[in-house]
Amino acid sequence: RLNIKAIINYQQSVHLRSVMVQNRQTATKQHIREALIQLLLEEKFETISVSKLCQRAGINRGTFYLHYLDKFDLIETLKEEIISQLRKNFEETTNTHDLIITNLSYLQQNHDLIYAVSQSHYLNFRETIREFMLSILTNEQHRLQTEYFLKENFTISEKYALEVFLSSIEGIISLWISSGTKETPEEMTNMILQTFDYDAWRL
C-alpha cells in the first residue's frame, strides 16, 4: 500500500535538493562573473585565461566548464543577459521618459559589469549598444514611428539622420558609463530628452 506521507516527504526532499543545486549553480556563476569583472579591470580580455578565472573565482576548471564553453562563451553570455534585460524593459515600458530611466537605472545598478565589459576590445560594447538601438528602431513594430521621428528632427536624409541619432545617444551613454555613472538616471534622462524632440515618438 502506498505511504502518502513517505511520497510527500520524498517529493519535498527532491525539490529541496533541486533548489540547493540551483542556488549553488547561481552562486558559482556569480563568482565567475565577479572574477571576470576584477580581471578585466586589471588586464585585457585577450590575456585572461580560464585558469586565471578559476583561480580568482575559487573554483576548478571542471566547474567552470559545467557552465561555459570557454571565456568567449562567458563574456557573450553576459552581453546577452544585458541586452535581453534592456530589450525586456523596452517591451514592457511604452512611455519614452520612463523607458530611458528604467534602462539607465539598470545600467547604473550593473555598472561594475557594464564598465568592465566595455573595456574589452573583443566585445566592443559601444557597438553592441548601437546595434541594440538599431534593432529596436528599425524593426517592423517601430519602423514607421522612427521614420516620423527622424523626419521631424532632421532635414538630412533618413539614413544619415539615423546615424547621427544613434551616435549621439550611444556616445552619451558610453561616456556616462566610462565616467562612473556619477549623474543619476533622472539627470541623464533629462539630458537625453533635451537633445531631440521626442514628442515626435507619439505617433
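- Applying the side chain to side chain contact (heavy atoms under 4.5 Å, CB included) test between Phe132 and each of Thr128, Ile129, Ile136 identifies Ile136 as the sole match.
- In terms of hydrophobic clustering, with Ile, Leu, Val, Met, Phe, Trp and Tyr side chains grouped at heavy-atom distances under 4.5 Å, Ile177 and Ile101 are assigned to different clusters.
- Side chain of Ser168 to main chain of Phe165: no donor-acceptor pair is present (N/O by atom type, distance under 3.5 Å, no hydrogens or angles).
- His142 and Phe90 have perpendicular rings, their planes meeting at more than 60° on a 0 to 90° scale where under 30° would count as parallel.
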Scan the side chains in residues 48-62 for donor-acceptor partners under 3.5 Å anywhere in the protein, sequence neighbours excluded, and list what turns up.
from	atom 1	to	atom 2	distance (Å)
Ser49	OG	Lys52	N	3.1
Ser51	OG	Arg61	NH1	2.8
Lys52	NZ	Glu43	OE1	2.9
Lys52	NZ	Thr47	O	3.1
Arg56	NH1	Gln38	OE1	3.1
Arg56	NH1	Glu42	OE2	3.1
Arg56	NH2	Glu42	OE1	3.0
Asn60	OD1	Gly62	N	3.1
Asn60	OD1	Thr63	N	2.7
Asn60	OD1	Thr63	OG1	2.9
Arg61	NH2	Tyr65	OH	3.1

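- Expressed to the nearest 0.5 Å, how far CD1 of Ile114 lies from CD1 of Ile173 amounts to 10.5 Å.
- Residues Ile75 and Leu66 do not share a hydrophobic cluster, defined by chaining ILVMFWY side chains whose heavy atoms lie under 4.5 Å apart.
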Verdict with supporting geometry, Tyr198 and Ile192, side chain to side chain contact (heavy atoms under 4.5 Å, CB included): CA-CA 10 Å; Tyr198 285 89; Ile192 290 173; 3.5 Å; yes

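- Ile172 and Phe149 fall within the same hydrophobic cluster, where Ile, Leu, Val, Met, Phe, Trp and Tyr residues are linked whenever their side-chain heavy atoms come under 4.5 Å apart, directly or through other members.
- Phe72 is connected to Leu74 through a chain of hydrophobic side-chain contacts under 4.5 Å among Ile, Leu, Val, Met, Phe, Trp and Tyr, so both are in one cluster.
- Ring geometry for Phe196 versus Phe154: interplanar angle of 30 to 60°, hence tilted.
- For the side-chain hydrogen bond (donor to acceptor under 3.5 Å, both in side chains) condition, the pairs that include at least one residue of residues 107-118, sequence neighbours left out, are Arg33-Asn110.
- Judged by distance alone, the side chains of Ser135 and Arg87 do bring a donor and an acceptor atom under 3.5 Å apart.
- Side-chain atoms of Trp176 never come within 3.5 Å of backbone atoms of Met188 as a donor-acceptor pair (strictly under, hydrogens ignored).
- The backbone N or O of Asn153 sits nowhere less than 3.5 Å from a side-chain atom of Asp197 that would complete a donor-acceptor pair.
- Linking Ile, Leu, Val, Met, Phe, Trp and Tyr whenever their side-chain heavy atoms come within less than 4.5 Å puts Val164 and Leu134 in one cluster.
- Using modelled atom types, no side-chain atom of Gln85 and backbone atom of Glu81 make a donor-acceptor pair closer than 3.5 Å.
- Side chain of Lys71 to main chain of Glu46: a donor-acceptor pair is present (N/O by atom type, distance under 3.5 Å, no hydrogens or angles).
- If you take OG on Ser174 and CD1 on Ile169, they are separated by 11.0 Å, rounding to the nearest 0.5 Å.
- Atoms CG and CZ, on Leu166 and Arg130 in that order, are 5.0 Å from each other to the nearest 0.5 Å.
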Salt bridge (Lys or Arg N to Asp or Glu O under 4.0 Å) between Arg126 and Glu170, intermediate numbers included: CA-CA 7 Å; Arg126 291 184 66 137; Glu170 176 271 313; 2.6 Å; yes

